[in-house]
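The first residue of the sequence shown is numbered 1, and numbering continues consecutively from there. Side chains included, hydrogens not; waters and symmetry mates left out as well; all remaining heavy atoms used.
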Amino acid sequence: MLYSVAPDLFARYPGFMRAVIIARDIDNTKENQALLSLLRECEDAVRHNMGDDFKEHPRLAAWAEAFRSMGLNPNKYPPSVLNLVKRVRSGKDMPYVNSLVAAFNCVSMRHLCPCGDDDLSVVREDLLLAFADGSENYVPLGQPGQCEHPPLGEVVYMDTGTRDVFCRAWCWKNGDTSKLGPTPRMAAVNIDIMPPMTADDAAAIAEELSGMLREYTGAATEVHFLTPEAPEFEIRVG
């Protein structure tokens with residue numbers, strides 16, 4: 001299975017890179033109390049260590065600008081990390097969906113970068129992050145009876161075999177098709193990096209999250225980086 005980012009995406013967004021953690025044999029079946037406590041600590045830090053002008057933070061502002069460049073209002077269609085921060089600052093605790101999601105939510109709040117995950121068992125061909133051509137299919141999370149077609153030019157993450165979109169608008173909204181169950185055999189966990197963040201930031205964050213997945217889910221992990229110089233890598237299946 002090939003995982004790639006389209007070259008024109010890198011050309012349009014200089015400095016963008018994606019760190020991908022491939023996690024295998026994940027135990028997502030139970031709530032981990034230590035991880036739950038860490039999730040609450042990260043929420044408290046977002047509430048108390050960021051001012052009312054949090055949207056102006058360079059790491060969040062960079063994603064808002066990227067969304068505007070796609071023709072999307074980031075207030076109506078917020079990047080996942082901005083939505084996460086806004087939700088937590090409104091006083092809401094994040095639900096403990098499962099340990100993998102809790103771990104990447106902690107990392108997303110700590111470092112203000114978008115994170116997401118997908119069950120790789122549903123992939124029929126290859127994974128691609130690219131600009132939509134309008135032929136793609138997106139089933140919203142929790143709404144398996146619905147189907148949307150992202151507009152031309154929206155950045156989508158998809159299965160090239162089925163044209164199923166796993167995440168709309170880069171890092172806005174995950175799909176139902178690739179949601180994780182309690183015992184996924186193999187998952188991809190994505191960390192998106194946009195300037196002013198750097199490759200060193202990407203490496204440190206990926207290592208942090210990899211360690212958390214090993215500690216809290218027992219997963220075996222490997223880390224890959226998608227950059228203009230290395231826009232693809234092969235995922236060993238089986």
Side-chain angles (χ1 to χ4, degrees), residues 18-60 63 78-120 141-142 166-167 171-174 176 178-194 197-198 200-224:
R18 172 170 279 194
V20 182
I21 301 169
I22 302 300
R24 303 174 191 272
D25 301 319
I26 304 157
D27 181 1
N28 240 0
T29 58
K30 56 186 179 295
E31 186 175 285
N32 184 294
Q33 289 303 306
L35 182 54
L36 176 61
S37 296
L38 182 59
L39 183 65
R40 299 295 174 244
E41 289 175 12
C42 291
E43 291 168 345
D44 286 343
V46 165
R47 291 182 185 123
H48 300 117
N49 296 343
M50 300 182 71
D52 292 338
D53 60 348
F54 65 91
K55 290 183 182 179
E56 303 305 315
H57 190 288
R59 294 187 177 186
L60 298 179
W63 282 104
S80 63
V81 61
L82 181 56
N83 190 52
L84 178 61
V85 169
K86 288 169 64 177
R87 177 171 179 168
V88 168
R89 285 182 59 84
S90 73
K92 297 176 182 176
D93 287 341
M94 293 302 298
Y96 194 105
V97 177
N98 55 54
S99 293
L100 197 154
V101 171
F104 76 62
N105 277 337
C106 287
V107 166
S108 189
M109 284 187 280
R110 276 176 171 170
H111 300 285
L112 301 181
C113 59
C115 299
D117 64 353
D118 297 278
D119 186 342
L120 296 186
L141 186 63
F166 293 169
C167 191
C171 57
W172 168 45
K173 195 165 62 169
N174 286 337
D176 198 72
S178 60
K179 65 184 178 184
L180 285 181
T183 55
R185 185 177 61 82
M186 184 168 59
V189 186
N190 303 307
I191 305 166
D192 283 332
I193 301 295
M194 189 76 78
M197 300 184 79
T198 67
D200 287 342
D201 292 322
I205 295 167
E207 181 53 40
E208 178 182 335
L209 183 50
S210 291
M212 292 175 69
L213 297 182
R214 293 191 295 269
E215 178 177 358
Y216 296 119
T217 75
T221 63
E222 59 191 64
V223 178
H224 303 267

Minimum-distance pair of heavy atoms, taken over all atoms of [X] and [Y]:
| X | Y | result |
| --- | --- | --- |
| L60 | F54 | CD1-O, 3.3 Å |
| A187 | I26 | CB-CD1, 3.7 Å |
| L100 | V189 | CD2-CG2, 3.9 Å |
| M197 | L112 | SD-O, 4.3 Å |

Going by heavy atoms in the side chains, are [X] and [Y] under 4.5 Å from each other?
| X | Y | value |
| --- | --- | --- |
| V46 | L84 | no |
| I205 | V107 | yes |
| P78 | W172 | yes |
| C42 | N105 | no |

Is there any salt bridge (charged side-chain N to carboxylate O under 4.0 Å, His left out) pair reaching into [range], and which pairs are they, with sequence neighbours excluded?
| range | value |
| --- | --- |
| residues 180-192 | R18-D192 |
| residues 91-105 | R40-D93, R47-D93 |
| residues 105-117 | R110-E208 |

K179: what forms a salt bridge (Lys or Arg N to Asp or Glu O under 4.0 Å) with it, not counting sequence neighbours?
-> D176
Quick one: list whatever passes side-chain hydrogen bond (donor to acceptor under 3.5 Å, both in side chains) with [X], sequence neighbours left out.
| X | result |
| --- | --- |
| D25 | none |
| K86 | none |
| D118 | S178 |
| D52 | R89 |

Residues that [X] engages under side chain to side chain contact (heavy atoms under 4.5 Å, CB included), provided they are two or more places apart:
| X | result |
| --- | --- |
| A206 | A19, I191, V223, F225 |
| E207 | R214 |
| N32 | A34, L35, Y96, S99, Y216 |
| E56 | D53 |

Check the pair D201, T198 against side chain to side chain donor-acceptor pair (under 3.5 Å), reporting the backbone distance first and the verdict last.
-> CA-CA 5 Å; D201 292 322; T198 67; 3.2 Å; yes
